[in-house]
2 protein chains.
Amino acid sequence: MPSDDKPLRADALRNRVRILEAAEQVFSERGPAASTEEVANRAGVAIGTVFRHFPTKGDLLREIMKSLLARLVSDVETLQRDSPPGAALFAFFTALVAQAARQKTVLDLLAQAGTELSIPDAVGMLERSVDGLLHSAQDAGTVRRDVRLPEVMALLSAVCQGAVTGGWDERLQTRTLAVVFAGLAP
Amino acid sequence: MPSDDKPLRADALRNRVRILEAAEQVFSERGPAASTEEVANRAGVAIGTVFRHFPTKGDLLREIMKSLLARLVSDVETLQRDSPPGAALFAFFTALVAQAARQKTVLDLLAQAGTELSIPDAVGMLERSVDGLLHSAQDAGTVRRDVRLPEVMALLSAVCQGAVTGGWDERLQTRTLAVVFAGLAP
DNA sequence: TGAAAAAGTGAGTCGCCACTCATTATCGTA
DNA sequence: TACGATAATGAGTGGCGACTCACTTTTTCA
């Protein structure tokens, strides 16, 4: 797969960035069903321009997902470094749920990203990161040893999903997570 | 609101039933985005007939939701009677998640039914039923006293949501629920 | 049995949305 | 600056899905 890295023209690069920013906003607010035309409007660009940069709506979504994913992975690394080892997993849960409530895109990443769009090993990356958090927590004794990664990912995605579609307020997020955390603890 | 209970003609009644059965199947398999035409086909009826009985797609969905809800409430009552008092809540969780995996309609009921469609106090009924299960469990000492209904409903909906969109297999359902149950226990 | 009422039918309308392409504008470079 | 290459534009196309309605068929009941 030879990379087609022809340097973009200045206006093309500018618009590409605008489109990505607009798309991130629009899809976050309205979900992935939002129309491409709305993205174009918000970017201040004609609809044809969007399709020149991303031949398919799916391509655009995939690009957004990839950068979101990269940010999440880097968040995990930051937490891994800066939190007390037993607490990082819980902190990530809390942060992700709060973010999902604002940014619906998170859901589609966690839920089906691997299925509908194909983000190759990208989701696997997040899993590996979370696995790191899980092991740290288990070593620190804040999470039971018989808990495994699949159910942690499942809970993560479930709680985010629930929080968004159910419109949980902050208080309910906290109380619900408290139950989950209690279930993970020894 | 005078009830328009004009007795239906024989063929009308027959078709109404067929449509509801078909709709339940179709929406369960394909989700609420499935087309009305598919419902008509599966019912062996012209599309106009569907719209004669249910002027709006939403009306049809609402009808399906209502009967699903009624069945769930009656399931709860059965469990309430037949299970050991501390176990009924857990049994309901398990059963509902398994059902949601087969029947996507459950999700929309739990998630947003109150919002998008308006099923007036219907969802409230389910909540009251689950509240009964919760109190029984707390009285039996299998669930902590500081757990309240909102987070129980939230977990219920979250886990169903997650199980469906994530395509959890039975093993993963079990392991995930195990964590939740541990979190509810004293 | 034979109308009138009720119900069924399905081609057609309408709006939405992903995507295209002929034309116009902008950029980079000689 | 001028010109070829690259990009932007936005009206148009096609398909899909909810919903309508003029017409046909079935039921009901005197």
Side-chain angles (χ1 to χ4, degrees), chain A residues 2-65 104-105 108 116-118, chain B residues 2-65 104-105 108 116-118:
Chain A
S3 55
D4 38 1
D5 287 349
K6 294 164 192 166
L8 285 173
R9 238 172 60 175
D11 52 350
L13 189 63
R14 194 185 334 124
N15 281 336
R16 180 171 232 276
V17 171
R18 279 192 193 158
I19 290 168
L20 283 171
E21 287 172 353
E24 182 166 339
Q25 283 179 28
V26 170
F27 291 136
S28 292
E29 293 166 11
R30 302 244 200 288
S35 75
T36 312
E37 194 167 357
E38 196 173 344
V39 173
N41 288 341
R42 178 111 38 140
V45 141
I47 193 168
T49 305
V50 176
F51 282 100
R52 172 180 284 273
H53 286 277
F54 307 94
T56 288
K57 187 184 175 181
D59 292 329
L60 179 53
L61 268 170
R62 200 171 304 124
E63 208 58 33
I64 301 282
M65 296 290 194
K104 295 190 184 168
T105 324
D108 304 271
E116 303 227 334
L117 312 172
S118 66
Chain B
S3 56
D4 39 1
D5 287 347
K6 293 163 192 167
L8 285 173
R9 242 171 58 174
D11 53 350
L13 189 62
R14 193 183 338 120
N15 281 337
R16 181 171 232 277
V17 172
R18 279 191 191 161
I19 291 169
L20 283 171
E21 287 172 354
E24 183 165 340
Q25 284 180 28
V26 170
F27 290 137
S28 293
E29 293 167 10
R30 301 242 201 288
S35 74
T36 312
E37 193 166 1
E38 196 172 344
V39 173
N41 287 342
R42 178 111 37 138
V45 139
I47 194 170
T49 305
V50 175
F51 282 100
R52 174 180 285 273
H53 285 278
F54 306 95
T56 288
K57 188 184 176 182
D59 292 329
L60 179 52
L61 269 170
R62 200 170 304 125
E63 208 60 33
I64 301 281
M65 296 290 193
K104 297 189 183 171
T105 326
D108 303 273
E116 303 226 335
L117 311 172
S118 67

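Here the structure is a predicted model, which means the values were calculated and not measured. Here is how names work: the chains are called A, B, and so on, in the same order as the sequence lines, proteins then strands, and each is numbered from 1.
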Holding to salt bridge (Lys or Arg N to Asp or Glu O under 4.0 Å), I want the full list of residues that pass it with [X], two or more places apart in sequence or in another chain.
X	value
A/Glu24	A/Arg71
A/Arg52	none
A/Arg9	A/Asp11
B/Glu29	B/Arg42

Just how far, in rounded Å, is [atom2] of [N] from [atom1] of [X]?
X	N	atom1	atom2	value
A/Glu38	C/dC17	CD	P	9 Å
B/Arg30	D/dC16	CZ	C1'	15 Å
B/Asn15	D/dT27	CG	P	10 Å
A/Asn41	D/dT9	CG	C1'	13 Å
A/Phe27	C/dC17	CZ	C1'	12 Å
B/Ile19	C/dG8	CD1	C1'	10 Å
B/His53	C/dA6	NE2	P	14 Å
A/Phe54	C/dA18	CZ	P	15 Å

Query raised in the report: Tell me, do B/Glu63 and B/Phe54 make a side-chain contact under 4.5 Å, heavy atoms counted?
Result: yes

Report task. Scan B/Thr49 against the nucleic acid and name what it touches under 4.0 Å (heavy atoms): base, sugar-phosphate only, or nothing. Result -> base

Report task. Please work out if B/Ala34 contacts a base, only the sugar-phosphate, or nothing of the nucleic acid, heavy-atom cut-off 4.0 Å. Result -> sugar-phosphate

Requested in this report: Spell out protein contact along nucleotides 19-30 of chain C as letters: B when the base is contacted, S when just the sugar-phosphate is, - when no protein heavy atom is under 4.0 Å; keep the 5' to 3' order.
Outcome: BB-----BSS--

Requested in this report: Just jot down the side chain to side chain donor-acceptor pair (under 3.5 Å) partners of B/Glu38, sequence neighbours excluded, or say none.
Outcome: B/Arg30

